[in-house]
J.: 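This is the structure, below, for whatever I ask next.
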Amino acid sequence: MSTAIPLTLSFDGRFARELEELAVPWQAEEAPDPQLLILNEPLASELGLDPSSLRTPEGTLLLIGNRVPEGATPVAQAYAGHQFGGYSPLLGDGRALLLGEVTDIHGQLRDIHLKGSGRTPFARAGDGLAVVGPMLREYLVSEAMHAMGIPTTRSLAVVATGRPVRRETMLPGAVLTRVASSHLRVGSFQFARVNGDTDLLRRLADHAIRRHYPDAALADKPYLAFFDAVIAAQASLVAQWMLVGFVHGVMNTDNMTISGETIDYGPCAFMDVFDPGSVYSSIDEGGRYAYANQPPIAEWNLTRLAEALLPLLHDDQDQAVALAVESLGAFRAQYSGAWSAGMKSKLGLRADTHDDVASPLVDGLLGLLQEGKVDYASFFRSLGSAARGTPENARAMFADPEAFDAWAARWKALAPNADLMDRVNPVYIPRNHLVEEALEAAIAGDLDPFNRLLAVLADPYTQRHGLERYAGPAPEDFGNYRTFCGT
Ligand code: AMP
Ligand code: MG
């Protein structure tokens, strides 16, 4: 088809070319009536794409893989994974396709990926589809995470397909166009390992090193250095989740990236009242992926990565295990270091504040927050005002304000820096009641509340007049929040 539109998207196809055992060439299902619901114009520009071209009917086809640029090879990616602790040797993209990689304006390779693009050979019993609500939800939450400075996959667009999708009821179908520094997962390595093909495993690791950790190639033991880099990236990522009160909800090994970006926004939610046991996912009955379990689960997942990498670490299996165990030993210290540094910033304390001083202060505060069922995000933000000499709002969040006063006296003695606090304690997070309200309107055809919420979340640290309703906790009658994945 000829076109006058400069949709000069040139795909690299590197994953498909270098790792063909992990890539099944496949086509997206044709959408009967594609309608662009939302386009991320700044992200499009960053990718070197012209937003106005993407808004044309032909651009919309490109965003859902119904027009494939010359040279692109859309593929479904194979991977394995532990889901809720149980191993599946073959998962793979059941409803997704990698269109290919593009080089962004900073020279970085970025995956363009479709979610909800139809059944693939990995679909098993699934219909291969996705629906408007959850895809808009992923768009909103991933972009909010990005605005908070937390590594994440991005969302380029959501296109309604015009195809009804059967769930509990019939729902409007959609495709999310997702952007990531790659879609390599712990589960990709598990897949390569289980197939017993060390050559494939090595090529996968080399591919990952080139894309994400080029310095590892220069190390004495490149594959060990690569593993160490993944550990460091995940320790840092999970600490950032914990600091902001994010509960991923489905930390299966196929949902943990090698890059250290947050991926797969299914049943995730932001904690409102501080509670280490917070679980939102309707399928996480045992609370495996509860808020406080996220660091040990990340470590568990990295242990699964270590098992997959063993043949690359050393020819002798015992020595390989010893190396892996030593590397894994760094996770806890790295996580704790990132968490305490982040908590010091949240409390406005100097980075060189001794842990003997900061840790009891943090533990004491979290105990008070939990006991008092205090809203986590609002509290930390209002603590900035307390640092400026107006503690009333923070104080009023406690049923027992005197316990807070005693804590605050110890804290104030350290001369907290309120400006530092405001840079790390968001005013606006994707609160569950706001997200639900925006999605409900969007599904009924009114995208205004969604777009307004998106704009608020794009600048999470700057308090603005007139946006008070976006800053507070859910109304009492919102009830217990449940999220659903795989929808
Ligand atoms: P997730 O929980 O989104 O990480 O998905 C886990 C696995 O189920 C992946 O292999 C997905 O591709 C697959 N999957 C989820 N939903 C569907 C669907 N509607 N159709 C086909 N496969 C799906
Ligand atoms: Mg997944």
Side-chain angles (χ1 to χ4, degrees), residues 22-24 26-29 31 64-65 74-99 111 113-139 141-142 152-153 155 161 163-176 178-180 182-191 194 247-259 261-269 279-285 288-289 297-298 301 304-305 482-487:
L22 302 182
V24 179
W26 204 253
Q27 294 295 320
E29 253 171 47
I64 58 171
V75 296
Q77 293 179 301
Y79 48 84
H82 279 85
Q83 299 182 303
F84 290 91
Y87 185 65
S88 291
L90 183 59
L91 291 168
D93 290 333
R95 55 163 173 175
L97 291 176
L98 173 67
L99 282 186
D111 275 8
H113 182 93
L114 310 174
K115 188 162 171 179
S117 51
R119 284 179 57 84
T120 75
F122 304 113
R124 292 165 289 159
D127 58 11
L129 304 174
V131 295
V132 168
M135 294 308 101
L136 285 176
R137 192 172 188 280
E138 170 156 349
Y139 188 111
V141 183
S142 63
T152 177
T153 62
S155 295
T161 57
R163 179 189 292 109
V165 176
R166 183 176 298 280
R167 292 291 181 258
E168 270 110 60
T169 55
M170 295 305 282
L171 295 170
V175 170
L176 171 77
R178 179 160 80 179
V179 176
S182 89
H183 283 77
L184 303 176
R185 310 141 190 270
V186 169
S188 313
F189 284 84
Q190 292 181 288
F191 181 88
V194 89
V247 183
H248 181 282
V250 61
M251 288 177 71
N252 295 332
T253 58
D254 55 305
N255 291 339
M256 183 185 256
T257 58
I258 294 304
S259 65
E261 289 177 345
T262 311
I263 195 171
D264 239 323
Y265 293 85
C268 64
V279 176
Y280 295 94
S281 168
S282 58
I283 60 168
D284 190 4
E285 283 155 13
R288 178 181 172 88
Y289 299 138
I297 286 290
N301 288 350
R304 306 288 81 77
L305 177 61
R482 278 279 155 270
T483 58
F484 302 89
C485 80
T487 47

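Indexing begins at 1, ligand by ligand and atom by atom, following the structure's order.
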J.: Any idea which atoms of ligand 1 are less than 4.0 Å away from a heavy-atom of G128?
T.: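 Here the atoms of ligand 1 in question are 18 (C), 19 (N), 20 (N), 21 (C).
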J.: Using heavy atoms and a 4.0 Å limit, tell me yes or no: is G266 in contact with ligand 1?
T.: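 Under 4.0 Å: no for G266.
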J.: Is the contact between Y265 and ligand 1 made by the side chain, the backbone, both, or neither, using heavy atoms and a 4.0 Å cut-off?
T.: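 Neither part.
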J.: Using modelled atom types only, decide if a donor and an acceptor are shared between the side chain of H82 and the backbone of G187 within a distance under 3.5 Å.
T.: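 No: the side chain of H82 does not pair with the backbone of G187.
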J.: Given 3.5 Å as the limit, does a donor-acceptor pair link the side chain of S282 with the main chain of T483, or not?
T.: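 A pair under 3.5 Å: yes.
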J.: In terms of atom number and element, which parts of ligand 1 are under 4.0 angstrom from non-hydrogen atoms of N255?
T.: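 So the atoms of ligand 1 that pass are 4 (O).
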J.: Using a strict cut-off of 4.0 Å, indicate which atoms of ligand 1 neighbour a heavy atom of L129.
T.: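 Going through ligand 1 atom by atom, the ones under 4.0 Å from L129 are 19 (N).
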J.: Tally of protein N/O/S atoms under 2.8 Å from the Mg ion (ligand 2)?
T.: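 My tally for this metal is 2.
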J.: Donor-acceptor pair, distance only, cut-off 3.5 Å: does the side chain of D93 make one with the backbone of L97?
T.: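 No: the side chain of D93 does not pair with the backbone of L97.
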J.: Should V250 be listed as contacting ligand 1, given a heavy-atom distance under 4.0 Å as the test?
T.: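 Checking ligand 1 against V250, which is what was asked, there is no heavy-atom contact under 4.0 Å.
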J.: With a cut-off of 4.0 Å, which atoms of ligand 1 are near a heavy atom of D254?
T.: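 What qualifies from ligand 1 is 4 (O).
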J.: Please determine whether any non-hydrogen atom of R167 lies less than 4.0 Å from an atom of ligand 1.
T.: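 Contact present.
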J.: Could you tell me whether the side chains of Y265 and S155 share a donor-acceptor contact shorter than 3.5 Å?
T.: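 No, because no side-chain N or O of Y265 sits under 3.5 Å from a partner of the opposite role on S155.
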J.: If you draw a 6.0 Å radius around CZ in R166, do more than 12 non-hydrogen atoms from other residues or ligands fall strictly inside?
T.: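 No - once you tally the heavy atoms of other residues, nucleotides and ligands closer than 6.0 Å, there are 12 at most.
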J.: Over all heavy atoms of both residues, which pair between R482 and Y280 is shortest? Give the atoms and the distance, please.
T.: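 Answer, listing the atom of R482 first, then Y280: NH1-O, 3.1 Å.
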J.: Please report whether ligand 1 has a polar contact with F122, defined as an N or O pair separated by less than 3.5 Å (distance criterion only).
T.: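 No: no nitrogen or oxygen of F122 is under 3.5 Å from one in ligand 1.
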J.: Can you check whether Y289 reaches N252 side chain to side chain, under 4.5 Å on heavy atoms?
T.: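 Yes, close enough: below the 4.5 Å cut-off.
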J.: Output yes when a side-chain donor or acceptor of D264 lies under 3.5 Å from a complementary backbone atom of N255, and no otherwise.
T.: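 Answer holds: no.
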J.: When you measure from atom 19 (N) of ligand 1 to each heavy atom in T120, D127, L90, which option holds the nearest one?
T.: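 Residue with the shortest heavy-atom distance to the ligand atom: D127.
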J.: Of all the heavy atoms in A96, does at least one lie under 4.0 Å from an atom in ligand 1?
T.: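 False for this residue.
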J.: Is V141 close to T152 at the side-chain level, that is, under 4.5 Å between some pair of heavy atoms?
T.: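 Side chain of T152 against side chain of V141, heavy atoms only: no contact under 4.5 Å found.
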J.: Report the member of G92, P267, G126 with the shortest heavy-atom distance to atom 9 (C) of ligand 1.
T.: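 Among G92, P267, G126, the closest heavy atom to atom 9 (C) of ligand 1 belongs to G92.
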J.: Quick test of your reading: applying side chain to side chain donor-acceptor pair (under 3.5 Å), list the pairs with at least one residue in residues 124-138, sequence neighbours left out, ordered by first then second residue.
T.: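 Sorted pair list: K115-E138, D127-R167, R137-Y481, E138-R178.
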J.: Would you say W26's side chain and R119's backbone share a donor-acceptor pair under 3.5 angstrom?
T.: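 Looks like yes, one N/O pair under 3.5 Å.
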J.: Does any N or O atom in Q83 lie less than 3.5 angstrom from one in ligand 1, N or O only?
T.: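 Such a contact does not occur with ligand 1.
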J.: Does the plane of the ring in H183 sit parallel, tilted or perpendicular to the ring in H113? Use 30° and 60° as the thresholds.
T.: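 Ring orientation, 0 to 90° scale: parallel.
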J.: Can you name the atoms of ligand 1, numbered from 1 with element, that are less than 4.0 Å from a heavy atom of D93?
T.: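 Result: 12 (O).
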J.: So how far is it from S281 OG to R288 CZ, rounded to the nearest 0.5 Å?
T.: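 CZ of R288 is found 12.5 Å from OG of S281.
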J.: With heavy atoms of R124 as the reference, note each atom of ligand 1 found under 4.0 Å away.
T.: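 Those atoms are 7 (C), 8 (O), 10 (O), 13 (C).
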J.: Any heavy atom of R119 sitting closer than 4.0 Å to ligand 1?
T.: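 Contact absent.
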J.: Donor-acceptor pair, T253 side chain versus V186 backbone, under 3.5 Å?
T.: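 No, because the side chain of T253 does not come within donor-acceptor range (under 3.5 Å) of the backbone of V186.
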J.: Any N/O of L91 closer than 3.5 Å to an N/O of ligand 1?
T.: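 Between L91 and ligand 1, no N or O pair is found under 3.5 Å apart.
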J.: Please could you name the atoms of ligand 1 that Y79 approaches to less than 4.0 Å, counting only its heavy atoms?
T.: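 Near Y79, the atoms of ligand 1 are 9 (C), 10 (O).
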J.: Nearest 0.5 angstrom please: M256 CE to F189 CZ, how far?
T.: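 If we round to the nearest 0.5 Å, M256:CE and F189:CZ are 13.5 Å apart.
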